Amino acid sequence: MRLSQSLIPTLKETPAEAQIASHRLMLRAGLVRQMASGIYAWLPAGLKVLNKIAQIVREEQDAAGAQELLMPTIQSADLWRESGRYDAYGKEMLRITDRHERALLYGPTNEEMITAILRDTTKSYRDLPQIPYHIQWKFRDEVRPRFGVLRGREFLMKDAYSFDLDYAGALLSYKKMMLAYMRTFQRIGITAIPMRADTGQIGGDLSHEFHILAPTGESGVFYDAEFEAGDALGVGYEPALLEDFYESMTTKYAATDEKHDLGAWAAIPDERKREGRGIEVGQIFYFGKKYSETMNYSVIGPDGAKLFPEMGSYGIGVSRLVGAIIEARHDEAGIIWPDAIAPFRVGILNLRQGDAVTGEICESLHTMFGADCLYDDREERAGAKFAEADLMGHPWQIIVGPRGAANGQVELKRRATGERFELPVAEAIAKVRG
RNA sequence: CGGGGCGUGGCGCAGCCUGGUAGCGCGCUUGUUUUGGGUACAAGAGGCCCCCGGUUCGAAUCCGGGCGCCCCGACCA
């Protein structure tokens, strides 16, 4: 992509409404525009990030045995009357009336709908277990939207739902999702800690929240340093491995300030105590037969008796993750994207636009990296290009100036560390490709 | 939902108190300049001053109502 032709409206100054770093940077780097309170349009670069995150989430859900489908954003109120949540949910639910005066709503979550779908499509114990999921926009009419996409009203969420025949099966699904989540966050390139949580609106008795560590996080978190060493990508779904992994995630100490247990904390060796701040980016729940029973969803068991499936639900705030990652990874100059989800893996900076040699090198780099690079081909001074590249946070910058270009050298800069290397073009390419 | 604040070119703001030609910086256009950390000079373009109503000879400015947005607190992926 050529910056000169792109729709990436970066800003030199910060819009007044943006108070926190991620919100400021998302606006300044041209990722989003606010369209109404808590409602954002995703511009090309922002959408690339959103899609890359969604793709990793998708791959890990699939790997865990979940199956993707897509449910609508608009739901019928009748469905929610079945579970009793139409009245219980309150003002956060955006209620809509259509031309026939039928009561609809913009879905804040999908337990009812997915239960209705499974109720219609699975009749026998042989049809379970199932873990359907989708990645879809949700709407919660927050009293006070803030922090940009961290607390928007409209947000993109991956929500999965597990249906099992018994508690043991439900617990297994829960464990799979725990692993899928840890693998997902690790692939994205951030540290997430699972913490025991309340079940809130959804109900049930087993739940974990996943917090990513960021100095500006909303809640204080306390955790055992051993979480930092964990490697979920080396763990597969074989029963023994999964069991060990789950055990290691749930026996180590981790809690938000609300649930902090001073006694348990004191038992941890001082050198392993970690205190920080976290942003919640996901939550998983086991809630048993709450919906299957109230919505009368049963399958026929092997003995011919009715059996109400055991359920769980599993959310990841995909759009929230974009903001949360920026909170966790930025500096004075701008965003520091993890490689896996950067809108552009590499920025190409032509320090002397119009120069035949730098132009030629940049053009060939641009062709080679294709959609994965952003070529700053504007008629701007070097300083402006440096500032812009740092702001947008490309993991790599290939800086092509007349000095080095004359001898086939370019400068490669790693955004995260600030390291710079003077290299021949071919070596720079190899390094970026890793 | 309680408390506070703000709506003026794309962005950041001044002007409002004390009514009378709508201004500054950045950005944008053109030219020159500069050429490795947001360069400098010059000339331009760009405005329902959030909306409706009222007061007045005259309203960005005063008064009333509405809408939008932000911040603090209680609540949430």
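Bear in mind that the values here come from a model prediction, so they are computed numbers and not experimental data. The sequence lines fix the lettering, A, B, ..., with proteins before strands; numbering per chain opens at 1.
For the ring-ring contact (aromatic ring centres under 6.0 Å, His included) criterion with Tyr286(A), the lone passing option out of Tyr174(A), Tyr161(A), Tyr167(A) is Tyr167(A). Evaluated for a salt bridge (Lys or Arg N to Asp or Glu O under 4.0 Å) with Asp339(A), the options Arg433(A), Arg415(A), Arg414(A) yield exactly one hit, Arg414(A).
Each of G36(B), C28(B), A74(B) was ranked by its minimum atom distance to the side chain of Arg146(A); first place goes to A74(B).
Comparing Gly282(A) and Ala387(A) by the nucleotide of RNA chain B whose heavy atom lies nearest to each, the residue mapping closer to the 5' end is Ala387(A). With the nearest nucleotide of RNA chain B identified for both Thr14(A) and Val400(A), Thr14(A) has the one nearer the 5' end.
Counting non-hydrogen atoms of neighbouring residues, nucleotides and ligands closer than 6.0 angstrom, the NZ atom of Lys273(A) exceeds 12 such neighbours.
Remark: G73(B) base-pairs with C1(B). Criterion, Watson-Crick or G-U wobble with two distances under 3.5 Å. For G53(B), the paired base is C63(B) (Watson-Crick or G-U wobble, both distances below 3.5 Å). Nucleotide G25(B) has C11(B) as its partner under the Watson-Crick or G-U criteria, with both atom distances under 3.5 Å. Partner assigned to G38(B) is none, using Watson-Crick or G-U wobble distances below 3.5 angstrom. Pair assignment for C6(B) gives G68(B), based on Watson-Crick or G-U wobble hydrogen-bonding distances that are each under 3.5 Å. With a 3.5 Å ceiling on both atom-pair distances, G19(B) lacks any Watson-Crick or G-U wobble partner.
Lys158(A) comes within contact range of no nucleotide atom at all, as no heavy-atom separation falls under 4.0 Å. Residue contacts for Ser319(A): at a heavy-atom cut-off of 4.0 Å it reaches no nucleic acid atom on any strand shown. At a threshold of 4.0 angstrom between heavy atoms, the contacts of Arg153(A) with the nucleic acid are absent. No contact: Val318(A) has no heavy atom under 4.0 Å from any strand. Nucleic acid contact for Gly401(A): base, since at least one base atom lies under 4.0 Å from a heavy atom of the residue. Backbone-only contact: Ala382(A) has heavy atoms under 4.0 Å from sugar-phosphate atoms and none from a base. Looking at heavy-atom distances under 4.0 Å, Lys385(A) makes no contact with the nucleic acid at all. Residue Arg320(A) is in base contact, counting any heavy-atom pair closer than 4.0 Å across all strands shown. Residue-level contact check: Asp390(A) touches the bases, meaning some heavy atom is under 4.0 Å from a base atom. Gly323(A) comes within contact range of no nucleotide atom at all, as no heavy-atom separation falls under 4.0 Å. Using a 4.0 Å heavy-atom criterion, one finds that Glu388(A) contacts the bases of the nucleic acid, with or without backbone contacts as well. When heavy atoms are screened at a 4.0 angstrom cut-off, Ala16(A) is found touching the sugar-phosphate backbone but no base atom.
Phosphate contact (OP1/OP2 of C71(B), side-chain N/O of Gln19(A), threshold under 4.0 Å): absent. Between Arg144(A) and the phosphate of C72(B), there is a side-chain N or O to OP1/OP2 separation shorter than 4.0 Å. Within the 4.0 Å cut-off from OP1 or OP2 of C1(B), at least one side-chain nitrogen or oxygen of Lys91(A) is found. Side-chain nitrogen and oxygen atoms of Lys12(A) include at least one within less than 4.0 Å of the OP1 or OP2 phosphate oxygen of G27(B).
Between the CG atom of Leu11(A) and the C1' atom of C13(B) there is a distance of 15 Å, given to the nearest Å. The nearest whole Å value for the distance from the CZ atom in Arg33(A) to the P atom in C69(B) is 16 Å.
By the 5.5 angstrom centroid cut-off and the 30-degree plane limit, Phe155(A) is classified as stacked against the base of A77(B).
Across C49(B) and G68(B), the matching C1' atoms stand 16 Å from one another, rounded to whole Å.
Side-chain atoms of Glu13(A) and base atoms of G25(B) include a donor and an acceptor less than 3.5 Å apart. Judged by atom type and distance alone, Glu411(A) reaches the base of G36(B) through a side-chain donor-acceptor pair under 3.5 Å.
Using a distance-only test at 3.5 Å, with no hydrogens or angles considered, a donor-acceptor pair links the side chain of Arg345(A) to the main chain of Val432(A).
Relative ring orientation between His260(A) and Phe222(A) is described as parallel, the plane-to-plane angle staying below 30° on a 0-90° scale split at 30° and 60°.
Across all their heavy atoms, Gly90(A) and Arg95(A) have their closest contact at O-NH2, 2.9 Å.
Here Arg2(A) pairs with Glu363(A) in a salt bridge; the nearest charged N to carboxylate O distance falls below 4.0 Å.
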